[in-house]
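The next block holds one structure in the form of structure tokens; read it before the comments.
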There are 2 protein chains.
Amino acid sequence: MPKRVVPEAARRRRRPTRQGRVLSHELIIATALRMLKEHGAAGLTARRLGLALGADASTIYRYFRGMDDLTLAIADALFAAALESWRATGDWRADLRALGLSIYRAYLSHPQAAVLTASRVAGRPHEVAVDETILCILRTEGFPDPDAVRVYHAFIDQSLAFAVLDAASLALPEAARQADQEVWRETYARLPAETHPHIAATAPLLVARMNDSGYPAALDMLLDSAARQLRDRSG
Amino acid sequence: MPKRVVPEAARRRRRPTRQGRVLSHELIIATALRMLKEHGAAGLTARRLGLALGADASTIYRYFRGMDDLTLAIADALFAAALESWRATGDWRADLRALGLSIYRAYLSHPQAAVLTASRVAGRPHEVAVDETILCILRTEGFPDPDAVRVYHAFIDQSLAFAVLDAASLALPEAARQADQEVWRETYARLPAETHPHIAATAPLLVARMNDSGYPAALDMLLDSAARQLRDRSG
DNA sequence: CATCAACGTCAATGGTGTTGGCATAAGGAG
DNA sequence: CTCCTTATGCCAACACCATTGACGTTGATG
């Protein structure tokens, strides 16, 4: 007796099955990114992804070992995008700044993906390529090794940290974002009455400030510090 | 005809039901935090949480509107812990530094929770209390308002960003962490052969550096910058 | 005592990731 | 051409998930 019964109907009508491969890693990742942007992190499920691809959910497992693996691939796609949109000029400081902003922009361009993959750092190829690039720039410029490592870590930590955090607020659904703003507006409006008498006028300023990121400023501070280090050592 | 059939057995034997309330918001949050630490973010489910509490999963919904609501409550508990372990001394710079490190430590003491709640910023009470505290310190010290806002944002952004990112690597299961280290060790060992001849000896240094956080340094840089600002303005 | 809200359980619903079995299709070997 | 292997896709099934509604029980309030 067979363990599994194949329904008669399924056995009867044979679908005009496709010829050749329909899917690919790239197509699946691109579709997943689109779904993330449109429906948020919770909206990306194997079944819906399959539907969007015109395929069965289980087909995805021919390409990825699981949703977890797919998540890592998506994370690496962000690094790939960051590197692709970056060009070296030879000026180490300008190059590092551009690379940092490039990473930052890649994350912000897919906030849902950034949040989804925030905690996944696993030495994927493009991620490693970014690391190699940074270290290569620093070494070429003549940073002695312990300093190069320190600058590299500060740089990548800071870039990723800001990217993830800023992406997180972008990743909120529009409704939640507006609700948040409302809460903050009230908080800010209420806050100063107790500690400062003349502040009502500055509440809008506080709210406006919410939409900016501290990343560029932090990045410049870091590069300043690195440049000073380099000058001190060589001069 | 009743829509739902109540089984005879259940109707028969009445359980010796408990008297008084068994659960509380605090108990549920504490248990959830414990589960997060022990089993990771994926291990926190309504069913298992109920089991750990000696209650049915559905009971949790008497206290929280859903797992999402519970997540927000957990996030706020981190801010509460940060504030509780902090004491003001009157020195604005030392106080801010201590508060930043306090937030950082609170997140790192529950890495799983930090990662789980990274993208949830929703104006919960203790979170707002932290914000009020920071702004209050800056205003009391005499920061004019636009500067206070700027410093506040840089401070909280940077603190949270580093906390979340560093927590993310701590939140990895031990096996994954070791695997990651292995990948990086290989990468670092392989990297310099192409770009630098004498670097093999520094690979261990790079790996060791992995375990440090750039947060304290970044925090000091930020406070330096703020202090300079304040001096320039008043002097 | 009667009422009521709070609290807890049970059973059910519709969704999830994942797997094993099966059916093709493509491509090479004979 | 046939035969075999491998890659690719679908289907049905499994275990688990969050959430809900009906129901019983309790303690407090009138």
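What you see is a predicted model; the values in this text were computed from it and never measured. First the proteins, then the strands, lettered A, B, ... as listed; each starts at 1.
Residues B/D56 and A/G43 both approach DNA chain C. Their nearest nucleotides, taken by heavy-atom distance, put B/D56 toward the 5′ side. Of the two residues near DNA chain C, A/A57 and A/R62, the one whose nearest nucleotide lies more 5' is A/A57.
Considering only the side chain of B/T59, C/dT9 comes nearest among D/dC10, D/dT19, C/dT9. Considering only the side chain of B/M67, D/dT19 comes nearest among C/dC10, C/dT19, D/dT19. With D/dT19, D/dG9, D/dC11 as the choices, the nucleotide that has an atom nearest any side-chain atom of B/Y61 turns out to be D/dT19.
Judged as a salt bridge (charged side-chain N to carboxylate O under 4.0 Å, His left out), not a single pair has a partner in residues 108-117 of chain B (not counting sequence neighbours). Each salt bridge (charged side-chain N to carboxylate O under 4.0 Å, His left out) pair with one or both residues in residues 102-111 of chain B, not counting sequence neighbours, would appear here, but there are none. Sequence neighbours left out, not one pair with a member in residues 34-45 of chain A passes salt bridge (charged side-chain N to carboxylate O under 4.0 Å, His left out).
Residues passing the side-chain hydrogen bond (donor to acceptor under 3.5 Å, both in side chains) test with A/S58, sequence neighbours excluded: A/D56. Qualifying side-chain contact (heavy atoms from CB on, under 4.5 Å) partners for B/L27, counting only residues two or more places apart in sequence or in other chains: B/L23, B/S24, B/T31, B/L53.
Between the CZ atom of B/R65 and the P atom of D/dT19 there is a distance of 11 Å, given to the nearest Å. Atom-to-atom, CZ of B/F64 to P of C/dA6 comes out at 16 Å; the value is rounded to the nearest Å. Here the P atom of nucleotide C/dT16 and the CD1 atom of A/I60 are 12 Å apart, to the nearest Å. When rounded to the nearest whole Å, the span between CG of A/D69 and P of C/dT19 equals 12 Å. As rounded to whole Å, 14 Å separates atom C1' of C/dT18 from atom CG of A/L70. In this entry the distance linking CG of B/D68 with P of C/dG15 reads 19 Å, nearest Å.
Against DNA chain C, the stretch residues 45-53 of chain A makes heavy-atom approaches under 4.0 Å through A/T45, A/A46, A/R47, A/R48.
Aromatic ring orientation, B/F64 versus B/H25: perpendicular (interplanar angle above 60°, classes split at 30° and 60°).
The two residues B/S102 and B/A82 make their nearest non-hydrogen contact at OG-O, 2.7 Å.
OP1 or OP2 of D/dG9 has at least one side-chain nitrogen or oxygen of A/Y63 nearer than 4.0 Å.
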